[in-house]
Every structure is written in structure tokens, then in C-alpha cells.
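Worksheet for the structure shown next.
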Amino acid sequence: MFTLKLDEIPEEGLDLKWNEEVSSLATYLKNLSNIDFDFETPLQSEVKIMRAGGSILITGEVQTTLRLQCVRCLKEFPYPLSTTFELTLHPLKEAPSEEETELGSEEMESSFFEGGEIHLSEIACEQIFLEIPWQPLCQQGCKGLCSVCGKDLNLSPCECVKEEWTPGFSALKNLKLD
Ligand SMILES: [Zn+2]
Ligand SMILES: [Zn+2]
């Protein structure tokens, strides 16, 4: 994982571009809780880092492809993701009060750094996490699994669904009961 020391940032700022391999991302995800996805391709990051007084301003772009699980059919599918961000990092001991933070730009996110280091890979990962949909779908209008037989209805319909939905069938049933 990529960490930058504050004194490595020159006055004129720093442009950085790096890739995080899938294997090191997997190790990182293992240490986090509530993670139910994997990276399928390396995480590509390109950022500009500027000093702003005692704070650090990071603007950049991250992109990768995740492997998510569809909430309806439970199939795993590739999910390409790319996002731009703008982030201000304040030194932890000089953290602005809540009031000051609220007065700041709504568009801009704030975070803190500690010990003279910026954990760039973690920041890049967090930007990706923010973009993951709450209810991932493998395709728009995924038909999901049959609640009775468990069959993937995207592949083919199943008998139990027909019985439930085809008016002809239920009419026939009623006739027999009479
Ligand atoms: Zn699905
Ligand atoms: Zn079924």
C-alpha cells in the first residue's frame, strides 16, 4: 500500500500516478469488516497533491473493476467503476471544529492525517467504496431466483412461476376443485 510522507510534497505540489495490484488490495480488504466484494483489476489512481497551509488538498481520479454479487440472482459480476474526487486532509491535532467544517464547501470532503503521513492507497480505496451501489444488480431488470425452486430465472423460466402467473392454469385448478 502506498504511503506518502508530508515532507515529500514540494511547495509546487505533486502529481502522482500508481497502480495497486489485486493481491495487495485483497490483503487490505481482509482487514476490513463488512466487505463482500473483491477487486477484479488493479486500482489505478492519478492524483494531484497540493499544500494548503497546514492542510493537504488532494484531487484525482480512481478507476478499477470490482467483482460484486447481484442482490437478486446472487451471481457475481464485473462492475467497472471510475470516479473523480476532491479531498482536504487536515492535520489531526488542528482539526477544525464541527461548526467550521459545516461552513466549508459542501462539495469538498474533509478528512485527517496523522503522524506526517498520507495513506494514499487507503484514500483511493475509500473513494471506490463510496461509489459501490447499495443493491448491486448484474443487469437492469435482473429476474432473480425463483423463490420456490431456486432456479435462475434469467436463464430460463421454471414451472412454479408459470403456475403462479398464467391465468389459464389457475382457472383449470378451480374447475377441478368444483
Ligand atoms: Zn442478477
Ligand atoms: Zn421455480
Side-chain angles (χ1 to χ4, degrees), residues 1-72 74-140 142:
M1 301 296 272
F2 187 16
T3 298
L4 184 72
K5 292 202 168 38
L6 283 188
D7 45 26
E8 290 174 324
I9 307 170
E11 277 310 311
E12 66 271 22
L14 192 61
D15 290 306
L16 285 173
K17 200 174 170 176
W18 77 98
N19 279 2
E20 197 79 46
E21 291 308 318
V22 172
S23 56
S24 84
L25 290 165
T27 312
Y28 173 61
L29 291 185
K30 243 181 239 165
N31 297 322
L32 304 175
S33 53
N34 299 322
I35 297 292
D36 51 2
F37 59 86
D38 287 310
F39 284 88
E40 186 160 290
T41 63
L43 173 58
Q44 300 173 28
S45 308
E46 192 168 356
V47 301
K48 186 169 186 62
I49 302 173
M50 302 284 289
R51 288 176 182 274
S55 301
I56 302 293
L57 178 67
I58 304 179
T59 53
E61 189 175 355
V62 285
Q63 58 173 311
T64 187
T65 298
L66 296 176
R67 179 148 281 272
L68 300 183
Q69 190 180 39
C70 175
V71 288
R72 288 194 196 151
L74 308 180
K75 216 177 358 200
E76 293 196 335
F77 64 100
Y79 187 79
L81 218 165
S82 153
T83 181
T84 57
F85 66 97
E86 216 172 36
L87 187 69
T88 310
L89 298 178
H90 304 286
L92 195 56
K93 54 187 174 196
E94 293 165 36
S97 69
E98 244 171 68
E99 222 170 283
E100 276 178 282
T101 311
E102 275 171 29
L103 288 174
S105 159
E106 286 172 26
E107 289 298 308
M108 213 178 279
E109 286 179 77
S110 284
S111 195
F112 307 102
F113 62 86
E114 206 178 354
E117 284 187 339
I118 303 175
H119 301 279
L120 282 175
S121 294
E122 288 174 30
I123 288 171
C125 282
E126 277 161 21
Q127 304 308 317
I128 292 294
F129 297 166
L130 291 172
E131 297 296 317
I132 298 175
W134 283 107
Q135 307 242 292
L137 288 180
C138 63
Q139 54 178 294
Q140 205 75 36
C142 167

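All figures in this text were calculated on a predicted structure; none of them were measured in a lab.
The ring-ring contact (aromatic ring centres under 6.0 Å, His included) check on F37 picks up F129, with sequence neighbours excluded.
Taken to the nearest 0.5 Å, the CG atom of L43 stands 9.0 Å off from the CD atom of Q63. To the nearest 0.5 Å, atoms CZ (F39) and CG (L81) are separated by 9.0 Å. The NZ atom of K75 lies 5.0 Å from the SG atom of C138; values are rounded to the nearest 0.5 Å. Here the CG atom belonging to L4 is positioned 6.0 Å from the CG atom belonging to L14, to the nearest 0.5 angstrom. Taking CD from E46 and NZ from K17, the interatomic distance works out to 4.5 Å, rounded to the nearest 0.5 Å. T59 OG1 to L57 CG: the interatomic distance, rounded to the nearest 0.5 Å, is 6.0 Å.
A distance-only check finds no donor-acceptor pair linking the side chain of S55 to the backbone of R51 [under 3.5 Å]. At distances below 3.5 Å, not a single donor-acceptor pair connects side-chain atoms of E40 with backbone N or O atoms of R67. The closest donor-acceptor contact from the side chain of T64 to the backbone of P42 lies under 3.5 Å.
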* **Candidate pair I118 and L6, rule side-chain contact (heavy atoms from CB on, under 4.5 Å), full reasoning** => CA-CA 7 Å; I118 303 175; L6 283 188; 3.6 Å; yes
* To do: Show the numbers, then the answer: is there a side-chain contact (heavy atoms from CB on, under 4.5 Å) between S45 and F2?
  => CA-CA 11 Å; S45 308; F2 187 16; over 6 Å; no
* **Pair E20-M1, side-chain contact (heavy atoms from CB on, under 4.5 Å): steps then yes or no** => CA-CA 7 Å; E20 197 79 46; M1 301 296 272; 3.5 Å; yes
* Give the C-alpha distance, both sets of side-chain angles, the deciding distance and a yes or no for side-chain contact (heavy atoms from CB on, under 4.5 Å) between V71 and W134. => CA-CA 9 Å; V71 288; W134 283 107; over 6 Å; no
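The 12-atom threshold is exceeded at CD of E12, counting heavy atoms of other residues, nucleotides or ligands nearer than 6.0 Å.
No option in V47, I58, I9 other than V47 meets the side chain to side chain contact (heavy atoms under 4.5 Å, CB included) test with L16.
With contacts defined as side-chain heavy-atom distances shorter than 4.5 Å, the pair L66/P78 does not qualify. Residues F77 and C70 meet the side-chain proximity criterion, which asks for heavy atoms closer than 4.5 Å. Residues L68 and D36 form no side-chain contact, since every pair of their non-hydrogen atoms from C-beta on lies 4.5 Å or further apart. Between F85 and V62, the closest side-chain pair of non-hydrogen atoms falls below 4.5 Å. Looking at P80 and T41, their side chains never come closer than 4.5 Å, going by heavy atoms from C-beta outward. Considering only heavy atoms from C-beta on, Y79 stays 4.5 Å or farther from P136 through its side chain. Side chains of I49 and L120 form a contact here, defined as non-hydrogen atoms less than 4.5 Å apart.
Salt bridge annotation for D15-K48: present, with a cationic side-chain nitrogen under 4.0 angstrom from a carboxylate oxygen.
Sorted by first and then second residue, the ring-ring contact (aromatic ring centres under 6.0 Å, His included) pairs with a member in residues 40-59 form an empty list; sequence neighbours excluded.
Pairing each heavy atom of E117 with each of H119, the nearest pair is OE1-CE1, 3.9 Å. Scanning all heavy atoms of the two residues, the minimum distance from C142 to R72 falls at O-NH1, 2.9 Å.
Inspection of the Q127 and T83 side chains reveals no N or O donor paired with an N or O acceptor under 3.5 Å.
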